[in-house]
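Take a look at the structure set out below.
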Amino acid sequence: MVLKLKIYNLSIHEIKNKLENREVKAIEIVEANLNRINSVENKVNSYITITEDIAIEKAKDIDKKINNNESIGVLGGVPMAIKDNICTEGILTSCGSKMLENFTPPYNAMVYEKLLSEGGIMLGKTNMDEFAMGSSTETSFYKHTKNPWDINKIPGGSSGGSAAAVAAGEAAFTLGSDTGGSIRQPASFCGLVGLKTTYGLVSRYGLIAMASSLDSIGPITRNVKDAALVLNAIAGYDSSDGTSINKDKVDYLNGINDGVKGLKVAIPKEYFDEDVSDTVKKSVLKTAEVFKDLGAVCKEVSLSSTKYVMATYGIISEAEISLNFARFDGIRYGHRSFNYKDIESFVKSSRSEGFGSEVKKRIMKGTYWLSKDNYEKYYKKADYTRKLIKADFNNVFSNYDIILTPTVATTALEIGTNQESTTTKKKLDGYVAAANLAGIPALSVPCDFDKGLPIGMQLIGRAFDEKTLLRAARAFEKAINLNNILST
Amino acid sequence: MKTIIGLEIHVELSTKSKIFCGCKVDFGGIANTRCCPVCLGMPGTLPVLNKKVVDYAVKAGLALNCNIAKESIMDRKNYFYPDLVKGYQITQYYSPLCQNGFVEIGEGKNKKEIGIKRIHIEEDTGKSLYNSQNITLLDYNRSGVPLIEIVTEPDLNSGEETKEFLESLRDILRYIGISDVKMEEGSLRCDVNINIEDEEKKTRSNITELKNLNSFKAVVSAIEFEENRHKLLLKEQKNTVKETRRWDEVEKQTQVMRLKDTEEDYRYFPEPDILRVVLSEEEINKIKEELPELPKDKKNRWLEEFKLPEYDIEVLTGSLELASFFEETLSYSNNPKKVSNWIMTELLRRLKECDVELSAVKLTPKNFGKLLNLINEGIISNSAGKKIFYEMFENGGKPEQIAQNKGLIQIDDMDAIEKVIKEVLHRNPQSIEDYKNGKDKAFGYLVGQSMKAFKGKGNPKLINKVLQKLLN
């Protein structure tokens with residue numbers, strides 16, 4: 001099947017090739033994407049802000065450099081979009097919230113700075129669940145993003161705009177943030193590769209925090225090699241992030257095609273429980289067969305702490321949210337109420353008006369977990385079970401190289417599905433949040449389709465071992481050659 | 001009845017930059033000119049701990065005899081206030097950097113150790129200012145200035161004792177160079193917790209917290225005011241209310257600020273944005289080695305070594321700068337009492353007159369020592385010495401050169417002296433006669449006349465010698 005891809009659907013590597021061979025100009029690529037945005041955005045709603053002028057200017061600049069045989073960086077001429085909780089100097093950074101509807105940061109996030117310096121072309125800021133709290137991009141104050149594979153379905157969340165933009169051909173890649181699966185889950189729903197990086201590998205400076213100890217930034221791309229390329233650009237120590245880890249620079253593309261012969265793959269039985277749909281179960285287990293055929297060793301293991309993941313994630317993330325969101329008081333930036341009589345009522349009404357209900361709910365729950373009488377009862381316990389979960393992973397990784405699981409229990413849900421029940425929550429986030437609690441890398445790769453909707457499988461790796469994850473995912477991707485590019 | 005006092009002291013550290021960002025630490029300045037996205041707690045920014053702040057706090061901990069934690073964490077203290085930019089203050093609650101130290105106060109029988117419960121590092125908040133229309137104005141220059149909080153055990157028993165402790169503490173902190181410890185500029189802030197125990201009746205008044213104490217004097221006055229208030233109430237079989245009171249400097253009394261009936265819930269939480277503060281044994285030892293001799297040790301050593309009066313030592317050890325100046329001068333002019341006298345009279349007076357710091361003066365210990373030597377050796381007179389001192393104080397320079405240039409060197413050329421004195425004798429035949437007839441006064445008169453002839457530059461010892469020779 002050789003389908004001539006439209007320019008807006010090219011992968012990063014394809015764009016790089018074409019630019020290098022002078023088959024196409026950067027401005028043509030950018031215009032193709034901008035045209036695509038023009039024609040589909042009213043259906044998909046991927047973007048909160050589109051930075052057309054910046055994109056065109058940068059594309060012209062890249063073309064000039066190409067003409068002058070100057071270096072353009074590893075992402076030179078590649079159109080990209082950034083999740084709206086990553087600070088971009090001079091460009092609205094709203095976090096999908098009314099609270100920051102006028103917030104234009106005077107500084108860049110380190111990741112954005114790095115992408116710019118590598119020649120990436122900024123198309124805009126993508127829609128997201130308000131402050132990244134949600135699993136469907138429906139809690140955004142601005143709009144509902146639709147799943148490009150079926151616009152009646154959710155794209156997943158919270159990085160739903162970032163995933164939908166890539167799936168719909170509105171950007172070659174995007175950055176998302178992942179606090180409890182927010183990159184991998186929408187990547188799975190939209191048929192893309194989504195990588196949650198090891199905590200400390202990619203600088204969080206400029207990422208508007210949801211839960212500081214869980215947040216990490218990563219790419220959403222059309223294929224595994226693209227993910228490795230973007231990771232090359234964004235990974236590395238940053239002295240402005242106190243949790244950034246100083247390690248030797250790794251080239252994630254180097255050896256990516258080396259295959260999986262002898263690779264030990266663990267398949268934890270707890271991740272194939274009754275909440276996972278049969279098709280998803282079948283599809284993901286089929287991938288184990290692919291790995292075996294490629295020479296990997298796959299064995300069932302147990303991660304018995306999995307039953308604590310949702311409760312632990314809930315308490316820890318909400319606890320940190322309740323503190324991180326205290327700074328939004330309307331005094332220095334953000335939404336400002338005119339309905340007040342003193343400082344206390346000013347802060348109260350600014351926050352009441354600025355935050356949506358999901359944010360308020362989590363702040364209240366987090367405040368409860370941390371109140372004097374509950375700190376030991378809930379937070380301390382969650383902190384302890386988090387250690388158990390970490391230990392559980394370490395234990396598996398002493399015998400295995402990677403862990404294979406479904407990314408989500410189902411394919412994309414209908415827009416408007418009630419997500420309040422514990423089961424629905426678990427179906428959406430229950431298989432992805434553990435990697436955040438353990439601080440380890442995980443990625444979602446498309447592995448199959450069910451009734452025209454993509455299914456993703458998740459690979460989880462050792463801390464700072466993104467290389468093995470990407471190599472395994474690449475071997476799999478090559479082997480099954482799934483067409484995950486939307487043709488219309 | 002016994003007074004029980006414990007202190008909570010905040011000290012601003014004089015590091016070059018703030019605790020979590022690169023902004024400059026300095027007192028005052030135009031409002032909101034010394035802040036950046038980090039110290040304003042803007043969304044997306046992250047705090048990065050300034051290692052110097054840890055070093056400074058460890059210095060304080062070591063100087064105050066504390067145990068230093070090899071591993072400690074930062075915590076968030078959560079409350080809303082307009083001058084608190086993140087809605088929480090980054091501090092240390094669960095594991096402070098330094099614990100269980102003490103400061104020794106008093107002499108001889110009155111010697112006493114005041115326990116230091118803990119010292120932790122934290123960030124300062126901004127400042128709320130109120131204008132005449134009662135509008136709140138916010139200045140965030142102070143936001144993120146590094147602080148240490150020192151908490152004492154309730155070991156103090158009077159206002160005077162508290163003052164003595166605070167003075168010792170101030171001297172120590174100043175010596176180790178971690179703060180300028182100025183109460184009036186807020187770089188030293190002291191809150192007092194006080195209550196009274198009736199040992200006979202075995203009753204205790206409820207603890208009062210005292211704030212707004214802007215000088216050592218205010219601390220003493222407020223403590224004494226509270227002592228009386230608590231004692232009176234206890235005598236009347238009543239008790240104080242657990243509350244925070246502020247010292248009113250005008251009314252000279254304390255006033256209720258707020259009740260402390262319910263403890264505020266700060267929801268302390270380990271700061272996830274900052275990794276553990278880890279110190280190795282070597283790092284701690286290195287800081288220990290860099291500590292200067294502390295005031296008390298220095299005083300004891302000087303008492304032994306230099307045999308100076310206690311008063312002199314007290315004055316000379318007043319600041320590390322002055323003490324170092326004294327000791328360095330001694331290495332050029334080894335006469336402790338003479339050096340001490342000159343410092344205490346001429347140098348300190350001049351500093352006061354000109355209202356300058358020692359560090360700003362061009363006079364060096366080396367030149368100062370040499371000047372004193374010139375005087376001792378009789379090469380210049382005491383009064384010429386003072387003139388040279390003034391010159392060196394203003395403009396620096398070497399004393400021999402100044403003496404030369406200003407013609408202040410005493411003439412000690414024997415032939416020249418003999419020539420002048422012969423003339424003096426020639427003009428005063430009557431005095432020679434008187435001297436030969438045994439009138440000692442006449443000799444004195446001739447010395448005086450000779451000195452006059454030398455216009456003050458004559459070396460008195462030589463004049464005496466020559467006169468005697470010529471007369472006999």
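Only heavy atoms go into these numbers, but all of them, side chains included; no hydrogens, no water, no symmetry mates. First the proteins, then the strands, lettered A, B, ... as listed; each starts at 1.
The choice from A/F103, A/F328, A/Y107, A/F325 that makes the most heavy-atom pairs within less than 4.5 Å of chain B is A/Y107. Comparing A/L214, A/V347, A/D383, A/T367 by how many heavy-atom pairs each has under 4.5 Å with chain B, the most go to A/T367. Ranked by heavy-atom pairs shorter than 4.5 Å toward chain B, the options A/R332, A/E320, A/R204 are led by A/R332. Of the listed residues A/C87, A/G334, A/S240, the one with more heavy-atom pairs under 4.5 angstrom with chain B than any other is A/S240. Interface remark: of the candidates A/G200, A/S371, A/A209, A/S371 forms the most heavy-atom pairs closer than 4.5 Å to chain B. Of the listed residues (B/T136, B/L138, B/V85, B/L84), the one with the most heavy-atom contacts under 4.5 Å to chain A is B/V85. Of the residues considered (A/L100, A/L207, A/T93, A/N85), A/L207 shows the highest number of contacts with chain B, using heavy-atom pairs under 4.5 Å. Chain A forms more heavy-atom pairs under 4.5 Å with one residue of B/Y268, B/Y140, B/Y266 than with any other, namely B/Y140. Between chain A and the options B/T45, B/L40, B/I274, the largest number of non-hydrogen pairs under 4.5 Å is found for B/T45. Heavy-atom pairs under 4.5 Å with chain A were tallied for B/V48, B/N78, B/D273; the largest tally goes to B/D273.
Rounding to the nearest 0.5 Å places CE of B/M42 at 9.0 Å from CD1 of A/I208. For the atom pair CG of A/D329 and OH of B/Y81, the computed distance is 13.0 Å after rounding to the nearest 0.5 Å.
Within a 6.0 Å radius of NZ in A/K380, other residues, nucleotides and ligands contribute 12 heavy atoms or fewer. No more than 12 heavy atoms of other residues, nucleotides or ligands sit less than 6.0 Å from atom CZ of A/F338. In the displayed structure, A/E344 atom CD is contacted under 6.0 Å by at most 12 heavy atoms of other residues, nucleotides or ligands. Around atom CG of B/L259, more than 12 heavy atoms belonging to other residues, nucleotides or ligands sit under 6.0 Å away. Residue A/K98 places its NZ atom among more than 12 non-hydrogen atoms of other residues, nucleotides or ligands, all under 6.0 Å distant. Applying the 6.0 Å contact sphere to OH of A/Y384 captures no more than 12 heavy atoms from other residues, nucleotides or ligands. Residue-environment remark: NZ (B/K117) stays at or below the threshold of 12 foreign heavy atoms within 6.0 Å. The environment of A/K360 atom NZ is dense: over 12 non-hydrogen atoms of other residues, nucleotides or ligands sit within 6.0 angstrom.
Only the backbone of A/S239 comes within contact range of chain B, with at least one heavy atom under 4.5 Å from a heavy atom of that chain. Interface remark: A/F346 contributes no atoms to any contact with chain B (heavy atom separation under 4.5 Å). No part of B/L49 comes within reach of chain A, as not one of its non-hydrogen atoms sits under 4.5 angstrom from that chain. Heavy atoms of A/F131 lying under 4.5 Å from chain B are absent altogether. Heavy-atom distances place the side chain of A/Y379, and not its backbone, under 4.5 Å from chain B.
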**Report entry** side-chain contact (heavy atoms from CB on, under 4.5 Å) between A/Y205 and B/V38, worked out
**Finding:** CA-CA 10 Å; A/Y205 187 85; B/V38 175; 3.9 Å; yes
Query raised in the report: Yes or no on side-chain contact (heavy atoms from CB on, under 4.5 Å) for A/K348 and B/F80, after CA distance, side-chain angles and deciding distance?
Result: CA-CA 11 Å; A/K348 269 186 189 166; B/F80 276 104; over 6 Å; no
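Between the side chain of B/D265 and the backbone N or O of A/K372, at least one donor-acceptor pair lies under 3.5 Å. With A/R327 contributing its side chain and B/G41 its backbone, the two residues share a donor-acceptor pair below 3.5 Å.
Defined by atom type and a distance below 3.5 Å, a donor-acceptor pair is present between the side-chain atoms of B/R76 and A/N324.
A distance of 6.0 Å or more separates the ring centres of A/Y375 and B/Y93.
Nearest approach of B/G87 to A/A326, heavy atoms of both residues: CA-CB, 3.8 Å.
No side-chain heavy atom of B/F269 sits under 4.5 Å from any side-chain heavy atom of A/S322.
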